[in-house]
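Before any comments, here is the structure.
Note: hydrogens, waters and symmetry copies are ignored here, and every other heavy atom, side chains too, is used.
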Amino acid sequence: HWWWQAGQFALERGQVAAATVYLDRAIALDANAATPILAWRGFCDLIGERAEVAEAWFEKAVARAPTDPLALLGRGLARLERGDGPGADKDFAAAGGSPSGIPPFIALQVHLRRGELRIRQRHVTQALLDFEQAVSLSPDSAGAHYGRGRALFELGRALGAFQREIRALD
């Protein structure tokens, strides 16, 4: 139990290597590790840009708890990183968008990456909503402001896009 909490604490502070060690220890001590432990371990690999490895952790988590929003959001992000937009959208929808109780740094990544996917799919109005959510979660996020500005630009609202991107640079 302590290893899981230490892993979660480390990951929330951006200490991916330490989080990986702690979560691996928690999993080694309990072969039937709880779904959140598996999901958080997946986020370690996702942050470390190992989407295929991350997806395997999320698959294990979803197999144990098919409706767990954290596991579904993680698997959706891993799928998105691998270029599986339809699979990612399916997982995001199954997770309920951005359910309450999801750590803010994960919710931010969901909105940023889903917004990028929606821009590529030409669902720009939906992308704008994701970027608006990202800005509300992290007002200082340059990526959130840039995404919102890009969506506004794509919608033909160039002045608003310019103003938003200027704010992102400040």
Glu81 bridged to Arg113 by N-O distance under 4.0 Å: yes
side-chain contact (heavy atoms from CB on, under 4.5 Å) between Phe92 and Leu73, intermediate numbers included: CA-CA 6 Å; Phe92 292 147; Leu73 288 172; 3.8 Å; yes
Any pair counted as ring-ring contact (aromatic ring centres under 6.0 Å, His included), so long as it reaches residues 48-82, sequence neighbours left out: Phe43-Phe58
Minimum side-chain heavy-atom gap Leu70-Trp40 below 4.5 Å: yes
Heavy-atom closest contact (Cys44 atom, Ala19 atom, distance): SG-CB, 3.7 Å
Side chain proximity check, Arg25 to Val21, heavy atoms < 4.5 angstrom: no
Distance, nearest 0.5 Å, that separates CG of Asp91 from CG of Leu77: 9.5 Å
Nearest non-hydrogen partners of Leu23 and Gln8, listed with the distance: CD2-N, 4.5 Å
Gap separating the CZ atom of Arg114 from the CG atom of Leu129, nearest 0.5 angstrom: 9.5 Å
Arg50 atom CZ, neighbour heavy-atom count above 12 within 6.0 Å: yes
Exercise: identify the closest heavy-atom pair between Ala61 and Ala71: CB-CB, 3.6 Å
Distance in Å, Ile37 CD1 paired with Asp30 CG, rounded so as to fall on 0.5 Å steps: 6.5 Å
Nearest heavy atoms of Ala144 and Phe131, plus distance in Å: O-CB, 4.1 Å
Shortest non-hydrogen contact from Leu46 toward Ala54: N-CB, 3.6 Å
Candidate list Arg41, Arg82, Lys60, test salt bridge (Lys or Arg N to Asp or Glu O under 4.0 Å), partner Glu55, passing option: Arg82
Note, Ile47 side chain near Leu11 side chain (heavy atom, < 4.5 Å): yes
Spacing of Gln126 atom CD and Gln121 atom CD [to the nearest 0.5 Å]: 8.0 Å
Lys NZ or Arg CZ of Arg150 over Tyr146 ring: under 6.0 Å, within 45°: no
Spacing of NZ belonging to Lys90 relative to CG belonging to Leu72, to within rounding of 0.5 Å: 10.0 Å
Single-linkage hydrophobic cluster, 4.5 Å side-chain cutoff, Leu152 and Val124 together: yes
Hphob cluster co-occupancy, Leu29 + Trp2, side-chain heavy atoms under 4.5 angstrom: yes
Pairwise distance CZ(Arg148) to NE2(His111) - rounded to 0.5 angstrom: 13.5 Å
